[in-house]
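For reference, the structure discussed in these notes is given below.
Quantities reported herein were computed from a predicted structural model and do not represent experimental measurements. Here is how names work: the chains are called A, B, and so on, in the same order as the sequence lines, proteins then strands, and each is numbered from 1.
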2 protein chains.
Amino acid sequence: MSAVTAAAGGTEDVVDLVRTAIHQGEFVPNQRLVEADLSVQFGASRAAVRTALVQLAAEGLVERVQNRGARVRAVSLDEAIEISEVRMVVEGLCAAKAAERATDDDLAVLREIGSDMQAAVDRGDVFGYSELNRRLHATVRGVAGQKVAGDVLERLRGQNVRHQFRLALLPGRASVSLPQHLEIVDAICARDPRRAESAMRAHLASVIETLPQVASGPGR
Amino acid sequence: MSAVTAAAGGTEDVVDLVRTAIHQGEFVPNQRLVEADLSVQFGASRAAVRTALVQLAAEGLVERVQNRGARVRAVSLDEAIEISEVRMVVEGLCAAKAAERATDDDLAVLREIGSDMQAAVDRGDVFGYSELNRRLHATVRGVAGQKVAGDVLERLRGQNVRHQFRLALLPGRASVSLPQHLEIVDAICARDPRRAESAMRAHLASVIETLPQVASGPGR
DNA sequence: GGCGCAAGTATTGTTGACAATTTCGTCGCA
DNA sequence: TGCGACGAAATTGTCAACAATACTTGCGCC
């Protein structure tokens, strides 16, 4: 019962509340999302909750079946792999575009993230590294300036956040991914689109290979 | 008043009706979609229409702003290019997977589509070629067996259908794309993932190059 | 004890009315 | 004539009640 019980009448707020609740594990996969319960929990009308659920279903975060209500969608290992495969090629595209379009300021930001990552690994800061990882990918997406690709990736990331999080906790994971991340930064700084794309794809291919280990690993 | 005025109470039906209305040009870009109007036109309750609009907004087909209603989303040329760039890499992924997983029956289907395309070009059947084009891409997606990639592509295709359609009408377009399509079929039949991916990407790169011509071309 | 069956409960789907907001036209005034 | 305030119309957002559907529990029967 440590739930976020803040009152939020607006329908748009409910979407955010439910989304973050799912992302933070407050709502676990396959958990039923009863409209009436959510409406009292969030202090919103049932109609607002209902609208929010429709929207989240379209986002792929919840599943809705006729007359049977909504539940948190569970993504299987196979689906997590498929998601990462799509991410691989789309982030590859973004990396290539980023290498083409990056300004000198962009490159400075990327280099700083790279050295911060190195530092985080050196001092064994798993959580800090995970956050930097998120920021690196987000920065590449931003520099690429591809709105459509960004939307697709954001959507996919939302569905996959649980697997992503567990991946970061895997012991020794950082020492594997750090050189890959640095290679991505280097390639973009060299303004070499093809090298940037293949570096990003190699990195995500490595993620995909590691996913099966995480399925039966920590956090479950 | 040639509008689709069929009565459809269910909320799920309304989504389909509005979607096809947009795809077929019944509703043009930037046209306002007033809830009350749609509810009488489709014989559904306003709530059903409202729900449908929320869902279509999540699909990216309509735009909704607070207290200002919904309108058909217009995709600019720049955005159409971005969409096609994402399609390029994701369909490339599907082509590679299809080359890996295709059964002999799958290959027979692909070869038949290829020869039908050749025949359609030979007799100057633009519309038939366009339909075969759609079927080829759909078949590749199906053979790849990538549900996530398929969903992403379906979503993107929905937003782009207008540009796609005008592209097909461009004179001489078929003679450019036919050999590209045949190369895709060949590569998959040779079960060569990398060749299939690069063939698909080359094809869509060609589409992207042609898009600017279509923006000020026929149909407008 | 297991299995169909029926009543009761829980939950979603739908409807209509009302409130809040935006948009558009009109009037007065400089 | 131009411009800003004001008010009416149009439209969306919200709510509570009702109807329809799925789930559960308890009972009789084999």
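- Nucleic acid contact for A:Leu53: none, since no nucleic acid atom lies under 4.0 Å from a heavy atom of the residue.
- Each of A:Val65 and B:Arg46 was assigned the nucleotide of DNA chain C with the nearest heavy atom; the assignment lying further toward the 5' end belongs to A:Val65.
- Side-chain contact, B:Gln164 with B:Arg87: a donor N or O sits under 3.5 Å from an acceptor N or O.
- For B:Val34, counting side-chain heavy atoms from C-beta on, the closest listed nucleotide (C:dG13, D:dT14, D:dT12) is D:dT12.
- In this entry the distance linking CD of A:Glu35 with P of C:dT11 reads 11 Å, nearest Å.
- Side-chain N/O atoms of B:Arg50 include none lying less than 4.0 angstrom from OP1 or OP2 on D:dT12.
- In this structure, CZ of B:Arg71 is placed 14 Å from C1' of D:dT12, rounded to the nearest angstrom.
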Considering only nitrogen or oxygen atoms on both sides, find all protein atoms under 3.5 Å from nucleotides 22-24 of chain D and state each distance.
{"from": "D:dC23", "atom 1": "OP1", "to": "A:Arg68", "atom 2": "NE", "distance (Å)": "3.3"}

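- Judged purely by atom type and a 3.5 angstrom limit, A:Asp116 has no side-chain atom pairing as donor or acceptor with the backbone of A:Ile113.
- For C:dT15, one of the phosphate oxygens OP1 or OP2 lies less than 4.0 angstrom from a side-chain nitrogen or oxygen of B:Ser45.
- With salt bridges taken as basic N to acidic carboxylate O contacts below 4.0 Å, none links A:Arg111 and A:Asp104.
- Here B:Arg155 does not pair with B:Asp151 in a salt bridge; the nearest charged N to carboxylate O distance is not below 4.0 Å.
- Put simply, the side chain of B:Gln180 never gets that close to the backbone of B:Ala202: no donor and acceptor are under 3.5 Å apart.
- Classification of B:Glu82 and A:Lys97 as a salt-bridged pair fails, no side-chain N sitting under 4.0 Å from a carboxylate O.
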